[in-house]
Amino acid sequence: MDKLVIKGGTKLKGEVKISGAKNASLPILAATLLTDEPCTILGVPRLRDIHTMIRIIEFLGKKVDFHDGTLRVRQHSKLSPVAPYKLVSTMRASFCVLGPLLVRLNKVKVSLPGGCIIGVRPVDLHLKGLANLGAKITIDSGYVVASVKKHLKGDRIYLGGAFGSSVTGTANLMMAATLAQGTTIIEAAACEPEIADLAQFLNKMGAKIEGAGSPIIKIEGVNKLLGAEHCVIPDRIEAGTFMIAAAITRGDILIKNCVPEHLGAVIDVLRQSGVSVKIEDSQIRVRMTHRGRPINVTTAPYPGFPTDMQAQTMSMVTITPGISVIHEKIYPDRFMHVAELNRMGADIQRQGPYAIVYGMKRLSGAPLMASDLRASAALVLAALIADGRSEISRIYHLDRGYEKLDSKLQKLGANIHREKE
Ligand code: EPU
């Protein structure tokens, strides 16, 4: 296992190029199961989660070549109707194979994804939607067994839940509906840019989808989907993480290859805190010269403030004078970073889904333990400004979702390197 060793205190300066979006690439890879024809996906980041999804679709019958960010997927053997526990349990997004497999094979068995460190993450909305399309669903020994007599049939699906919509639920149903008979309307659909990107790919394959990226998506079923080529959108969470890196280190970073419109809520929060954010086409320049102002942040479905940026933002306000309040509304238990940040000298009090952050003058370096992807990024950011040396272990969590984070930070001047534990 690798660990990251970071000596804090450098103001980050320079340019960084953002990689393709993990959360767009994952469902797009699952979507290749909807055709027997070859597909080419460009701009895919080299990440552990991507390799996990490659393993899954290869198990299910595809052959994948992955070079320089280009994934070529072709049919290798007959599609398998079973996605086993040992593969699905390693990454929740793999549950996205359920919709495509069901609509193509009519009877499938996909393992339930299992527990998750960021909180309870049910899949009831995915299952409710498939039942609306005519699937008979039972749970047997930890597996979802889904079947349909002849064809899935288009219908209205209301996808609103207690915490908003479901991103991968919308993806799963949109994919299933492309080959269902008739028209499907998904109401209260997730509006995340990754959903719009998936719809673009599906439409290139011959699907008829309108409205993706809005709460109402209309899908007219077609008989067959074809091969297609698509370049995934840039990763808005990676871009947001580098924006915080500039702000927290009082640096000056030009973030290239990003879509500023995907980052409206993050830009707004940074500006409220006194950070200078300048937008130029597909790049964002973030500069900070002082200690900033406290903020109130509530996470919400897109276009609200992303839960995937909550931990990193909390690191930033640990050293912002005054009291900041962070309300986590999507995953009320997503606070694993709090205890580790407090071990660095932060003063964060958690009250249910709220974190009250009292800004300190400084943090101090410490041995730290990464726990999930975004919490790990938050620790890296905190270590960049802490006095002295931090060692972050279990960074395989970070490698799940950030492509070359350490070398990108090094290029910006950070004193960071990887060591074997
Ligand atoms: N929910 C339900 N029922 C469901 C599905 C979800 O109640 O059937 C609830 C969840 O418990 C949660 C909320 O709805 O409170 C939103 O969950 P959602 O299903 O949208 O999450 P997801 O699709 O499993 C994706 C991202 C996550 C990101 C969330 C929220 C991918 C592969 N994952 O997960 O990304 O946090 O949306 O934006 O797209 C990450 O990249 O670090 C990550 C965790």
Side-chain angles (χ1 to χ4, degrees), residues 1-9 92 114-121 163 237 240-241 244-245 247-249 269 273 292 294-299 305-402 405-406 409 416 419 421:
M1 268 200 270
D2 289 351
K3 67 180 175 188
L4 281 181
V5 179
I6 301 174
K7 281 196 197 125
R92 292 188 61 84
C116 177
I117 185 123
I118 67 176
V120 183
R121 295 177 74 184
F163 299 95
I237 305 301
T241 303
I244 303 270
I248 198 171
T249 63
V269 162
S273 188
I295 46 173
N296 279 345
V297 179
T298 300
T299 63
F305 192 88
T307 172
D308 292 343
M309 284 300 301
Q310 179 258 108
Q312 304 89 314
T313 307
M314 193 180 302
S315 289
M316 180 181 85
V317 293
T318 57
I319 52 145
T320 302
I323 303 172
S324 296
V325 179
I326 295 183
H327 182 187
E328 175 53 70
K329 269 181 97 169
I330 308 286
Y331 297 115
D333 288 321
R334 194 178 199 177
F335 285 120
M336 287 75 57
H337 40 289
V338 168
E340 292 298 271
L341 290 173
N342 281 345
R343 290 182 58 251
M344 301 177 80
D347 185 355
I348 307 166
Q349 290 174 22
R350 182 179 163 195
Q351 292 173 12
Y354 294 91
I356 322 293
V357 188
Y358 298 87
M360 307 299 285
K361 281 233 161 71
R362 58 181 56 87
L363 300 181
S364 52
L368 300 162
M369 189 84 83
S371 53
D372 88 295
L373 171 55
R374 309 303 171 188
S376 312
L379 297 184
V380 171
L381 292 168
L384 288 173
I385 44 135
D387 292 340
R389 174 184 161 109
S390 297
E391 284 188 11
I392 308 179
S393 50
R394 299 201 180 164
I395 54 156
Y396 52 86
H397 290 290
L398 209 56
D399 296 333
R400 285 187 47 204
Y402 287 95
L405 182 66
D406 37 334
L409 286 170
I416 179 171
E419 277 181 12
E421 278 200 272

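Along the sequence shown, residues carry numbers from 1.
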Note to self: When you measure from the side chain of Thr299 to the backbone of Lys329, do you find a donor-acceptor pair of N or O atoms at a distance under 3.5 Å?
What the structure shows: yes
The reported gap from CG in Leu363 to CG in Leu381 (rounded to nearest 0.5 angstrom) is 11.0 Å
Heavy atoms of Ile323 and Ile356 approach each other most closely as CG2-CG2, 3.6 Å
Item to check | Backbone N/O of Tyr331 and side chain of Glu328: donor-acceptor pair under 3.5 Å | outcome: yes
Q. Do Leu409 and Ile6 pass the side-chain contact (heavy atoms from CB on, under 4.5 Å) test, and can you show the C-alpha distance, the side-chain angles, and the key distance before you say yes or no?
A. CA-CA 11 Å; Leu409 286 170; Ile6 301 174; over 6 Å; no
For Ala382 and Ser315, the nearest pair of non-hydrogen atoms, with its separation, is CB-OG, 4.1 Å
- Query: side-chain contact (heavy atoms from CB on, under 4.5 Å) between Gln310 and Val297: does it pass, once the steps are laid out?
  - Reply: CA-CA 8 Å; Gln310 179 258 108; Val297 179; over 6 Å; no
**Message:** Closer than 4.0 angstrom, basic N to acidic O: yes or no for Asp333 and Arg121?
**Reply:** no
Output for pair (His397 NE2, Leu373 CG), nearest 0.5 Å, gives 9.5 Å
Tightest non-hydrogen contact, residues Pro294 and Pro321, listed as CD-O, 3.2 Å
Smallest heavy-atom separation, Phe335 atom then Pro353 atom, equals CZ-O, 3.4 Å
Of all heavy-atom pairs linking Ile416 and Asp406, the shortest is CG2-O, 3.6 Å
task: Check whether any side-chain heavy atom of Ile319 lies under 4.5 Å from a side-chain heavy atom of Arg362, and answer yes or no.
output: no
Below 4.5 Å, heavy atoms only, C-beta onward: do Ile326 and Val317 meet side chain to side chain? yes
In this structure, CD1 of Ile295 is separated from CE of Met314 (nearest 0.5 Å) by 10.0 Å
The reported gap from OG1 in Thr249 to CG in Leu384 (rounded to nearest 0.5 angstrom) is 7.0 Å
**OP:** List the steps, then state whether side-chain contact (heavy atoms from CB on, under 4.5 Å) holds for Arg374 with His337.
**Re:** CA-CA 9 Å; Arg374 309 303 171 188; His337 40 289; over 6 Å; no
Quiz prompt | Short side-chain to backbone donor-acceptor contact, Ser390 and Pro367, under 3.5 Å | solution = no
Considering residues, nucleotides and ligands other than Arg394, do more than 12 of their heavy atoms fall under 6.0 Å from its CZ? no
So CD1 of Ile244 and OG1 of Thr313: to nearest 0.5 Å the spacing works out to 4.0 Å
In this structure, CD1 of Ile348 is separated from CE of Met360 (nearest 0.5 Å) by 10.0 Å
For Gln312 and Ile237 the tightest heavy-atom approach is NE2-CG2, 4.0 Å
Practice problem: Take Asp308 and Arg334, measure what side-chain contact (heavy atoms from CB on, under 4.5 Å) needs, and give me the verdict at the end. | Solution: CA-CA 10 Å; Asp308 292 343; Arg334 194 178 199 177; 2.8 Å; yes
